[in-house]
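All values derive from a computational prediction rather than experimental measurement. Here, residue 1 is the first one in the sequence, and each next residue gets the next number.
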Amino acid sequence: MALMRLVISLVLFLTVGSGPALAGPIRLGIGTPVEEQLLGHLTEALLKAKGIEVEVYSQLDPEVLRARALVDELDLFWDYNGRALIVFHQDPDRAVLRDPQGCYQAVSEKDLKKGLVWGRMAPGNNSYGLVMTTVLAEQYGVTTISDLAAKMQELYKTTKRKTVMGMERNFNLRPDGFNSLLARYEMEFNSIMAKTTTSGSILDVLRTKEAQVVVGPTVDGRIRRFKLTVLQEDKPFFPSYHPAPVWRQDARKENGAAAALLDRLAEKLDIDALNDLRFPVEIHAHDPAVTAREWLRKSGLTD
């Protein structure tokens, strides 16, 4: 009997072990756009620097990232609160989309029901806004969109000079675009001349002085290159596109230390950090992985 008990004990020890089973590598999905590549490489480099094993799957579309996480083929990827709410949950409520925290809360609650857990939302908003050259913004003395609305009205009343506002053709035509922006900020239509252009060249018309302000991206390598300023939205109008790490729920439970590291990373990703990361990649063709590692080293996160 004693021998039998010893055999059973040995079998249990070999089968169960003396502690919890070790989780496998974190399966990280990385998107295709420059910023999503950078977010993925930041994640990979940070986790590996802390001794956490990572298995990377690159160049995946947003739909593929989400689909693979939902069927337990990925553990972690980055997404944007507004994009997820619109594309994957078909919720275009403009009031919610304009509110970063409200949008994040809404998509977090919807995704939790599907088994996905959102980590900390980064403060940087990769959306659209009103962009000017820093020189002209300082000359006008404007920092917010309301400041600009008042300045444009003043210029028209005193000089009859209209401010040229560049925008994509689609923004000029859509019902929630140009006319809604004018109404939101009580801009005088007569004080503005709309200039439409393609999305890829929208910031270039500031450099060439074809427009004084544009409806353009808030995160772009050219923001730094052309010395541009994004005006503050004192009356939120544009949708919230804040990045955040998204975990498969079971993977999040198994990797609490990794999740805490990524939350610390997300905290540091404000709009200046996102533009700092994108500048060398988009303007000087630096490798996103190398850029991510250099940024992490300077940030102190890998110390």
Side-chain angles (χ1 to χ4, degrees), residues 28-33 35-36 39-40 42-43 60-130 145 170-171 174-177 180-181 183-185 215 217-219 230 232-253 255-256 258-271 273-274:
L28 168 66
I30 300 179
T32 302
E35 186 168 300
E36 294 179 41
L39 291 170
L42 286 169
T43 300
L60 301 178
D61 292 332
E63 296 81 3
V64 176
L65 288 167
R66 173 171 288 257
R68 291 184 65 172
L70 289 172
V71 296
D72 191 15
E73 291 181 0
L74 287 177
D75 299 315
L76 170 65
F77 62 99
W78 285 74
D79 205 348
Y80 296 81
N81 57 350
R83 179 173 73 182
L85 197 61
I86 295 171
V87 176
F88 301 116
H89 296 288
Q90 286 84 52
D91 187 348
D93 187 327
R94 192 76 181 188
V96 175
L97 288 171
R98 287 172 172 168
D99 174 11
Q101 286 297 335
C103 183
Y104 173 82
Q105 186 67 28
V107 77
S108 296
E109 291 174 358
K110 290 176 184 290
D111 269 348
L112 187 57
K113 296 175 183 177
K114 295 178 177 290
L116 299 177
V117 179
W118 283 64
R120 185 180 295 275
M121 179 180 74
N125 186 16
N126 184 355
S127 183
Y128 271 63
L130 292 194
I145 297 179
N170 182 53
F171 185 78
R174 55 192 291 174
D176 61 345
S180 292
L181 176 66
R184 180 72 169 168
Y185 282 95
V215 180
T218 58
V219 180
V230 178
Q232 299 171 23
E233 286 191 70
D234 48 309
K235 299 176 184 177
F237 175 81
F238 295 97
S240 169
Y241 269 61
H242 293 255
V246 182
W247 289 87
R248 189 173 56 79
Q249 190 170 18
D250 288 343
R252 170 66 180 78
K253 291 177 182 176
N255 295 280
L261 285 170
L262 294 188
D263 285 348
R264 287 182 58 208
L265 169 62
E267 275 185 310
K268 289 183 175 289
L269 296 176
D270 58 17
I271 197 166
L274 293 176

Please name the pair of heavy atoms, one in [X] and one in [Y], separated by the smallest distance, quoted to 0.1 Å.
X     : Y      : result
Ala69 : Leu116 : CB-CD2, 4.0 Å
Leu85 : Cys103 : CD2-SG, 3.9 Å
Val96 : Ala106 : CG1-CB, 4.2 Å
Leu76 : Pro245 : CD1-CB, 4.0 Å

Apply side-chain contact (heavy atoms from CB on, under 4.5 Å) to [X] and list each qualifying residue two or more places apart in sequence or on a separate chain.
X      : answer
Ala84  : Arg66, Asp79, Phe88, Val107, Trp118
Leu261 : Leu46, Leu47, Lys50, Ile52, Arg264
Gln105 : Glu109
Asp270 : Pro123, Asp272, Ala273

Return the set of residues passing side-chain hydrogen bond (donor to acceptor under 3.5 Å, both in side chains) with [X] (not counting sequence neighbours), or none when no residue passes.
X      : value
Glu36  : Arg83
Thr43  : Trp78
Tyr128 : Glu168
Glu73  : Arg68

* Asked: What do the steps show when you test Tyr241 against Ile86 for side-chain contact (heavy atoms from CB on, under 4.5 Å), and what is the final call?
  -> CA-CA 11 Å; Tyr241 269 61; Ile86 295 171; 3.9 Å; yes

* Applying side chain to side chain donor-acceptor pair (under 3.5 Å), which residue pairs with at least one partner in residues 88-97 are found, sequence neighbours left out? -> His89-Asp111, Arg94-Asp176

* **side chain to side chain contact (heavy atoms under 4.5 Å, CB included) partner of Arg248, chosen from Val117, Asn255, Asp72** => Asp72

* **Sole residue of Asn125, Ile271, Val230 in side chain to side chain contact (heavy atoms under 4.5 Å, CB included) with Val219** => Ile271

* For the atom pair OG1 (Thr218) and CG (Asn126), what is the distance rounded to the nearest 0.5 Å? -> 5.5 Å

* **Reported CD1-to-CG distance for the pair Ile30 and Leu60, which is rounded to 0.5 angstrom** => 8.5 Å

* Any side-chain heavy atom of Leu65 within less than 4.5 Å of one from Val246? -> no

* Determine whether Leu262 and Trp247 make a side-chain contact, defined as any pair of heavy atoms from C-beta on separated by less than 4.5 Å. => yes

[Y] backbone acceptor or donor facing [X] side chain under 3.5 Å:
X      : Y      : answer
Ser127 : Pro239 : yes
Asp263 : Arg120 : yes
Ser240 : Tyr104 : no
Asn81  : His242 : yes

* Asked: Relative to the ring of Phe171, is the ring of Phe238 parallel (under 30°), tilted (30 to 60°) or perpendicular (over 60°)?
  -> parallel

* To do: Report, as yes or no, whether the 6.0 Å neighbourhood of atom NZ on Lys114 holds more than 12 heavy atoms from other residues, nucleotides or ligands.
  => no

